**Student:** 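Sharing a structure here in structure tokens format.
These numbers come from a predicted model, not from an experiment.
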Amino acid sequence: MSYIDNILFVLLLAAGFGYFAVNVKKLVRNIKLGRDADRKDNPSERWSNMAMIALGQSKMVRRPVAGILHIIVYVGFVIINIELLEIIIDGIFGTHRLFSFMGGFYGFLIGFFEVLAFAVIVSVVIFWLRRNVVKLWRFAHGDLKGWPHNDANYILYFETVLMILFLTMNAADYYLQGVGAEHYTQAGAFPVSGFISPVFEGMATDTVILIERAAWWLHIIGILIFMNYLYFSKHLHILLAFPNTYYANLKPKGQFENLESVTNEVKLMMDPNADPFAAAPAPAEGEVPAKFGASDVQDLNWVQLMNAYTCTECGRCTASCPANLTGKKLSPRKIMMDTRDRLEEVGRNIDKNKGTFVEDGKTLLFDYITPEEIWACTTCNGCVEACPVNIDPLSIIMDLRKFLVMEQSAAPTELNGMMANIENNSAPWQYNQMDRLNWKEEA
């Protein structure tokens, strides 16, 4: 019978990690739908950013309460799952607490894991209260209605249940060690689950073994389910925060990229030796003319698409947005959520049509994000500065604006007037160049 358990365990692992690999492959494919972006410069600075921001959580602690609680959950969840290595080996080979040969160090590890597990439960409860009872503005905002709101709670429930199963498993194990049950080696320290183990007093040993085994199986199954749930939830940032901070834009926040095609046109205009009547090079056969700006997710670059998948939906960007705070429709968090939703829709389209995208009559701009939203942006970079994992909503907003202006000539009246003045008067104001210094005569 023990071999049947081992075979079932191996099949469970294969199914869990196999499905995870399928979703990772799909994730990489969707991100690669974006245009190319060169982010290979300054590797030392990029590694430093990843270490400080993704690993060190340096931007999280700018809000101390949420930051410290997040660090507890993050560190606790990562470190406790080190025990997964022992659980996996025990499950495959039918052993029990294989690493107990480490003696006192093993006891320290188990004790440390338990303290962290208890701290994670406390932190998650506080997070749940902030989100559902206190209803902080960021979490009660209209962006988080429906699935996004439920998704956040599902994650909190998952983490709580996993930690409770871990402590229950240890409590039953500790009790069985005390009564000398077969195969339950005397090993480990149980500073938290030791307070739970008296619950088993008076129970038959076989019953406690059943509880311990059930908690053990449910714990590993829960972890595999949670691992595969990541792809469908905002918790994907657990994995993507690291590459996202590494490939983040290192240029000054106020520096925007010029379109290469426009830059070349300006250079041509400034070149006295250029032939203004020379025909442009003929496009290659089958080549699609480059689009100015972006109207759909395929027009964005791959870093922007990775940004969308990395978004934690924490709302710090929207809470820092002056346009949103003054009642405008713009929400940087919604920009990222809409981009991810549209990208997922495009991915499903490709899956349905055997690897080829079939035009569906929808675009990111207009169907998900409205012009009203993107023109409300003041380009202050507050959202970029606030994001704890270096997501850049502003770059998407600017690319959507470029499309409206350069492809559809759909700039607001105020901007059209300003651009006409620059063209005619070389200045944003409606004054002739000869009259530019008249103000000094009025002094």
Side-chain angles (χ1 to χ4, degrees), residues 22-41 46 49-50 53-54 143 147-148 151 230-251 256-257 259 288 290-314 317 331-353 355-360 362-369 373-374 377 383-384 387-403:
V22 168
N23 282 331
V24 168
K25 184 178 179 181
K26 189 184 299 183
L27 173 70
V28 172
R29 180 208 63 191
N30 289 355
I31 291 174
K32 285 185 175 181
L33 292 175
R35 294 183 294 100
D36 188 35
D38 184 11
R39 296 292 171 88
K40 298 177 182 178
D41 58 315
R46 294 187 179 281
N49 279 348
M50 187 175 72
I53 299 171
D143 299 347
W147 166 251
D151 175 40
L230 293 181
Y231 175 80
F232 304 97
S233 81
K234 76 187 190 75
H235 236 48
L236 193 56
H237 74 272
I238 291 176
L239 304 178
L240 291 184
F242 295 90
N244 198 78
T245 50
Y246 181 86
Y247 290 112
N249 189 8
L250 299 181
K251 295 178 180 178
F256 295 112
E257 293 184 1
L259 292 173
V288 178
K291 183 186 293 184
F292 293 121
S295 63
D296 210 347
V297 289
Q298 298 95 324
D299 305 321
L300 300 172
N301 65 52
W302 66 268
V303 177
Q304 292 169 318
L305 299 185
M306 183 169 64
N307 280 180
Y309 273 120
T310 309
C311 180
T312 68
E313 300 176 12
C314 65
C317 53
S331 167
R333 173 171 59 187
K334 180 180 176 294
I335 297 292
M336 303 314 301
M337 292 167 64
D338 286 344
T339 302
R340 173 174 176 162
D341 289 346
R342 173 56 181 164
L343 184 53
E344 277 293 288
E345 185 177 48
V346 169
R348 289 191 296 271
N349 182 309
I350 292 172
D351 292 336
K352 181 180 177 181
N353 295 288
T356 303
F357 176 72
V358 176
E359 190 62 45
D360 59 0
K362 296 182 181 180
T363 58
L364 176 64
L365 184 61
F366 303 118
D367 290 296
Y368 284 82
I369 301 171
E373 292 173 76
I374 62 172
C377 178
C383 56
V384 183
C387 180
V389 287
N390 280 13
I391 291 170
D392 188 357
L394 180 58
S395 66
I396 295 176
I397 292 171
M398 294 305 296
D399 281 348
L400 296 177
R401 280 185 176 181
K402 287 176 185 177
F403 175 82

**Student:** With heavy-atom distances below 4.5 Å as the criterion, would you say the side chains of C317 and M336 are in contact?
**Tutor:**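 Side chain of C317 against side chain of M336, heavy atoms only: no contact under 4.5 Å found.
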
**Student:** Test side chain to side chain contact (heavy atoms under 4.5 Å, CB included) on E344 and Y231 and set out the steps.
**Tutor:** CA-CA 11 Å; E344 277 293 288; Y231 175 80; 2.8 Å; yes

**Student:** Within a strict 4.5 Å, meaning less than it, do heavy atoms of the D143 and E313 side chains meet?
**Tutor:**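 A side-chain contact under 4.5 Å is absent here.
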
**Student:** For residues S295 and L400, determine if any side-chain heavy atom of one lies less than 4.5 Å from a side-chain heavy atom of the other.
**Tutor:**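 Sidechains of L400 and S295: no contact.
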
**Student:** Taking side-chain hydrogen bond (donor to acceptor under 3.5 Å, both in side chains) as the definition, give me every residue that meets it alongside R29, ordered by chain and number, with sequence neighbours left out.
**Tutor:** D351

**Student:** Quick check for you: to the nearest 0.5 Å, what is the distance between C377 atom SG and I396 atom CD1?
**Tutor:**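 Reported value, rounded in 0.5 Å steps: 11.5 Å.
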
**Student:** Rounded to the nearest 0.5 Å, what separates atom NZ in K362 from atom OH in Y368?
**Tutor:** 5.0 Å

**Student:** Is there a side-chain contact between R340 and C311 in this structure, where contact means two heavy atoms from C-beta onward sitting under 4.5 Å apart?
**Tutor:** no

**Student:** Is the shortest heavy-atom distance from the side chain of K32 to the side chain of W302 under 4.5 Å?
**Tutor:**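 No, side chains not in contact.
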
**Student:** Who passes side-chain contact (heavy atoms from CB on, under 4.5 Å) against N349, sequence neighbours left out?
**Tutor:** N353, F357, V358, D360

**Student:** Sequence neighbours left out, what passes side-chain contact (heavy atoms from CB on, under 4.5 Å) with E257? Give chain and number order.
**Tutor:**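 If we apply the side-chain contact (heavy atoms from CB on, under 4.5 Å) test to E257, skipping adjacent residues, the hits are K251.
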
**Student:** Looking at CZ of F232 and CH2 of W147, how far apart are the two atoms once the value is rounded to the nearest 0.5 Å?
**Tutor:** 9.0 Å

**Student:** Would you name the heavy atoms of L300 and A294 that are closest together and state the gap between them?
**Tutor:**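 L300 and A294 have their closest heavy atoms at CD2-CB, 3.7 Å.
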
**Student:** Filter on salt bridge (Lys or Arg N to Asp or Glu O under 4.0 Å), then keep only pairs touching residues 295-312, sequence neighbours left out; what's left?
**Tutor:**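 Checked against salt bridge (Lys or Arg N to Asp or Glu O under 4.0 Å) - neighbours excluded - the pairs reaching residues 295-312 are K291-D299, D296-R342.
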
**Student:** Side chains of R46 and M50: closer than 4.5 Å at any heavy-atom pair?
**Tutor:**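 No, every pair of side-chain atoms sits at 4.5 Å or beyond.
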
**Student:** Looking at V389 and A241, what are the two nearest heavy atoms and their distance?
**Tutor:**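 Reported closest heavy-atom pair: CG1-CB, 3.8 Å.
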
**Student:** A side-chain contact here means heavy atoms from C-beta on lying under 4.5 Å apart; do I374 and M398 qualify?
**Tutor:** no

**Student:** Which value, rounded to the nearest 0.5 Å, describes the distance between E345 atom CD and L364 atom CG?
**Tutor:** 10.5 Å

**Student:** Just to verify, what does H237 make a side-chain hydrogen bond (donor to acceptor under 3.5 Å, both in side chains) with, not counting sequence neighbours?
**Tutor:**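 H237 satisfies side-chain hydrogen bond (donor to acceptor under 3.5 Å, both in side chains) with no residue once adjacent residues are dropped.
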
**Student:** According to salt bridge (charged side-chain N to carboxylate O under 4.0 Å, His left out), who are the partners of D36, at least two apart in sequence or on a separate chain?
**Tutor:**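 Applying salt bridge (charged side-chain N to carboxylate O under 4.0 Å, His left out) to D36 gives none.
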
**Student:** So which of T339, D392, N244, N301 actually passes side-chain hydrogen bond (donor to acceptor under 3.5 Å, both in side chains) with N307?
**Tutor:**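 Option passing the side-chain hydrogen bond (donor to acceptor under 3.5 Å, both in side chains) with N307: N244.
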
**Student:** Can V297 and L33 be said to form a side chain to side chain contact (heavy atoms under 4.5 Å, CB included), step by step?
**Tutor:** CA-CA 8 Å; V297 289; L33 292 175; 5.8 Å; no

**Student:** Less than 4.5 Å apart, any side-chain heavy atom of T310 and any of I391?
**Tutor:**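 Counting from C-beta outward, T310 and I391 do come under 4.5 Å.
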
**Student:** Could you please spell out the steps behind the side chain to side chain contact (heavy atoms under 4.5 Å, CB included) verdict for F256 and L394?
**Tutor:** CA-CA 10 Å; F256 295 112; L394 180 58; 4.0 Å; yes

